**Q** 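I have a structure I would like to understand better, so I am pasting it below and will then ask my questions one at a time.
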Amino acid sequence: MSLVTRIFTQRAHSSQLSRLFCLLGVVSIAFLSNLSLAAERLTLTGSSTVAPLALEMAKRFEKNNPDVRIDVQTGGSSRGVNDARVGLADIGMVSRALKESEQDLTAHLIALDGIGIIVHSSNTVKELSRQQIIDIYQGKIRNWADVDGPNLEITVVNKAEGRSTLELFLHFFELKNSQIRPQVVIGDNQQGIKTVSGNPGAIGYVSIGTAEFEHNRGTPIKLLPMDGKEATVKGVASGEYPLSRPLNLVTKAQPEGFAASFIEFAQSTDVLDLIENQFFVAP
Amino acid sequence: MIDRAFSLGIYAIIALVIATFGWIIGDVIIKGISVVSWEFLISEPEDAGRAGGIAPILVSTLYVLIIALVIALPLGISAAIWLAEFSQNQSHTLHVGIILDVLAGVPSIVYGLFGNAFFCIYLGLGYSLLSGGLTLACMILPVFIRTCESGIRSVQSDWRLGGLALGMRRSVVIWKILLPAAQPAIIAGLILSIGRATAETAALLFTSGYVDRMPESIFDSARVLAVHIYDLTMNVTGGDETAYGSALILIVLIILLNTLAQGFIDSWFKRSGHYR
């Protein structure tokens, strides 16, 4: 290689490098200079059940108040409580009533949700008593034949730790999670429905509104009544159905500013259609 | 006879693999195509994602991916060059290699937790596209470095020696001979990285977040496609249709990005007059 070409290729090489670094520099400056300073920000974290509803409420609120940005993040009710308490979030989303140990927080009720026991639609079982459900979840009853059902092994579907559906279920049946012998552990509602609809021997528990919607569109699941009361959204609204839970927004102190006006908005009649669209019941 | 049975078996396995792949793609296309339209691509999600489109989610996905690649590519290639060419100490190379292999096998949720603890909380970046991109960069680096390194290593020593014998500087040998020769490996690494990054859910749910608004800067929290699909299938009642639509877009996007990446690297090497 002659001297000329060597110099030429080396120059080409360095210009290539510098071009690359220029590009990187420009990209990063373009990114950094984009710092958003304009809007006031509200952060909501917590229950994945509440999150889609809160997101829709937030969108409508942003439309009315263009200089606010509301960030909704999920992660479960326990996280909502924790983040609201330590200040990581302005408002926590909690899909159950606050416990004794959480009385330092203030709950703001925005909707109600019922929890229904679901089985596969091919299952001939019509009703289960509280004791039967307890025995099934503790692994004492392992076959549907023992509760007047088909001769089929029972697959117990339980919710993951930290989910408020689990806590409510345990509280209602006076169980401890360590007593439950599940075959499947799931996270979100829709996952529960998919697990049960794909397994004729499965039993699980999910939000009633979700289950009702899926049942009506032909997903092979059915809701079992509880204490003789039909598991329907109507039953939750009238208060007849026993296994229901409040969906709350929680704050550490009395909310101020936009947090206060957002909570007020979330409890107003302006969002009734949103609550209905997410298959919940307005309080 | 045995030979025939053997080759028959091989063909059967290939048919099975292709059928599985075709089934997955076919399922997504059949169930997703009715949702996908131009309108779907350019409008915002409504009703928790059941209606409307995915415009902000597409934009966020690209943002996160660009951030991850801008950080991971230069770091990855440099690290690979160091491992393959510069590190004198064999045991160092070995140890770094083992660490990289372990990191490559770590489940993505662990990267998500690390990203959440380090970028979001410790560095105070919060839920943001930047946190997500940085987390993804950490996640794709090990695989990318390893692929590039093995590509550079597999170049015959004659080429290095020939370059040096001609009086080329070491940097020129690397830039002009080794990297172009390792180009297929670099492209493979890039494609693996893009695929892994674009399809990532677990690591991004806790770093870039859940907000489905159009991002205004990289410090905004935003939802990427994979998180959107996950939420629609697992959390939002009646979100399956749009989930399939989004999945179809995700597949098309990955194919498109891979083609682009390949073209980009090709032209990059061509423009600077490399010999192949």
Side-chain angles (χ1 to χ4, degrees), chain A residues 1 6 8-10 12-17 19-21 23-24 27-28 31-39 41 43 45 48-49 51-53 55-56 58-59 62 69-75 88 186-194 206-207 209-214 217 274 277-279, chain B residues 44-51 63 66-67 70-71 73-74 116 120-121 126-130 133 163 166-169 171-172 174-176 205-206 208-213 215-223 227 230-240 243 268-269 271-274:
Chain A
M1 194 184 289
R6 214 171 89 197
F8 176 73
T9 50
Q10 280 179 9
H13 150 232
S14 63
S15 80
Q16 192 70 41
L17 253 188
R19 204 186 307 162
L20 188 71
F21 283 118
L23 184 75
L24 292 188
V27 168
S28 38
F31 275 146
L32 291 172
S33 63
N34 219 350
L35 262 166
S36 151
L37 304 163
R41 229 161 249 282
T43 308
T45 68
S48 64
T49 310
L53 174 62
L55 199 68
E56 285 306 309
K59 263 188 218 162
E62 282 177 3
R69 292 286 173 277
I70 302 179
D71 287 356
V72 180
Q73 311 290 356
T74 65
L88 273 175
I186 54 150
D188 302 320
N189 271 324
Q190 205 60 22
Q191 200 179 354
I193 288 183
K194 288 192 169 117
V206 294
S207 165
T210 311
E212 223 175 48
F213 170 82
E214 289 290 338
R217 74 196 283 247
L274 297 180
N277 284 346
Q278 305 301 324
F279 309 102
Chain B
E44 304 227 337
E46 284 160 32
D47 195 10
R50 290 184 204 101
Y63 256 112
I66 289 171
I67 295 170
V70 161
I71 291 161
L73 282 194
N116 182 269
C120 299
I121 295 173
Y127 283 93
S128 61
L129 291 169
L130 187 59
L166 284 170
M168 292 166 91
R169 285 188 197 156
S171 59
V172 181
I174 288 169
W175 199 258
K176 292 283 173 184
L205 188 55
F206 297 118
S208 65
Y210 184 77
V211 178
D212 66 354
R213 181 191 323 120
E216 286 159 356
S217 81
I218 52 164
F219 297 99
D220 267 1
S221 166
R223 190 191 289 197
V227 171
Y230 171 77
D231 191 55
L232 284 178
T233 47
M234 290 305 175
N235 193 32
V236 173
T237 309
D240 280 343
W268 180 31
F269 281 121
R271 249 190 306 139
S272 49
H274 292 293

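Since we're looking at a predicted model, the values are computed, not measured. A, B, ... follow the sequence lines: proteins, then strands. Residue 1 opens every chain.
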**Q** Can you measure from OH (B:Tyr230) to CD (A:Gln190) and round to the nearest 0.5 angstrom?
**A** 11.5 Å
**Q** Between A:Ala51 and chain B, with a heavy-atom cut-off of 4.5 Å, which part of the residue counts as in contact: side chain, backbone, both or neither?
**A** both
**Q** Between A:Leu53, A:Leu88, A:Asn277, which shows the greatest number of heavy-atom pairs under 4.5 Å with chain B?
**A**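 The residue among A:Leu53, A:Leu88, A:Asn277 with the greatest pair count is A:Asn277.
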**Q** Would you please name every residue forming a ring-ring contact (aromatic ring centres under 6.0 Å, His included) with A:Phe279, sequence neighbours left out?
**A**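 Applying ring-ring contact (aromatic ring centres under 6.0 Å, His included) to A:Phe279 gives A:Phe213.
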**Q** How long is the straight-line distance from OG1 of A:Thr43 back to OH of B:Tyr127, given to the nearest 0.5 Å?
**A**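 Between atom OH of B:Tyr127 and atom OG1 of A:Thr43 there are 9.5 Å.
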**Q** Out of B:Ile121, B:Asp240, B:Leu205, B:Asp231, which one racks up the most heavy-atom pairs below 4.5 Å with chain A?
**A** B:Asp240
**Q** Can you spot which of A:Val206, A:Thr210, A:Ile193 makes a side chain to side chain contact (heavy atoms under 4.5 Å, CB included) with B:Thr237?
**A**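 Going through A:Val206, A:Thr210, A:Ile193 one by one, the side chain to side chain contact (heavy atoms under 4.5 Å, CB included) with B:Thr237 is satisfied by A:Thr210 alone.
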**Q** Kindly give the heavy-atom pair with the smallest separation between A:Gln73 and B:Val211, and that separation in Å.
**A**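 So the two residues come closest at NE2-CG2, 3.8 Å.
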**Q** At what distance, to the nearest 0.5 angstrom, does CG of A:Asp71 lie from CZ of B:Arg213?
**A** 5.0 Å
**Q** Is it the backbone or the side chain of B:Glu46 that comes under 4.5 Å from a heavy atom of chain A, or both, or neither?
**A**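 When you check distances to chain A, only backbone atoms of B:Glu46 fall under 4.5 Å.
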**Q** Just how far is it from atom CZ of A:Arg41 to atom OG of B:Ser221, taken to the nearest 0.5 Å?
**A** 8.5 Å
**Q** Between A:Glu56 and chain B, with a heavy-atom cut-off of 4.5 Å, which part of the residue counts as in contact: side chain, backbone, both or neither?
**A** side chain
**Q** Name the member of A:Lys194, A:Glu214, A:Arg217 that forms the most heavy-atom pairs with chain B at distances under 4.5 Å.
**A**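 Looking at each of A:Lys194, A:Glu214, A:Arg217 in turn, A:Lys194 comes out on top.
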**Q** State which residues pass salt bridge (Lys or Arg N to Asp or Glu O under 4.0 Å) with A:Glu212; sequence neighbours excluded, sorted by chain then number.
**A**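 Checked A:Glu212 against salt bridge (Lys or Arg N to Asp or Glu O under 4.0 Å); zero matches.
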**Q** Side chain, backbone, both or neither: which part of A:Gln278 has an atom under 4.5 Å from a heavy atom of chain B?
**A**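 Its backbone and side chain both get close to chain B.
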**Q** Quick check: do A:Lys59 and B:Asp47 have side-chain heavy atoms less than 4.5 Å from each other?
**A**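 A:Lys59 does not reach B:Asp47 side chain to side chain.
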**Q** Specify which of A:Thr45, A:Ile70, A:Thr49 makes the most heavy-atom pairs with chain B at under 4.5 Å.
**A**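 Greatest number of close heavy-atom pairs with chain B: A:Ile70.
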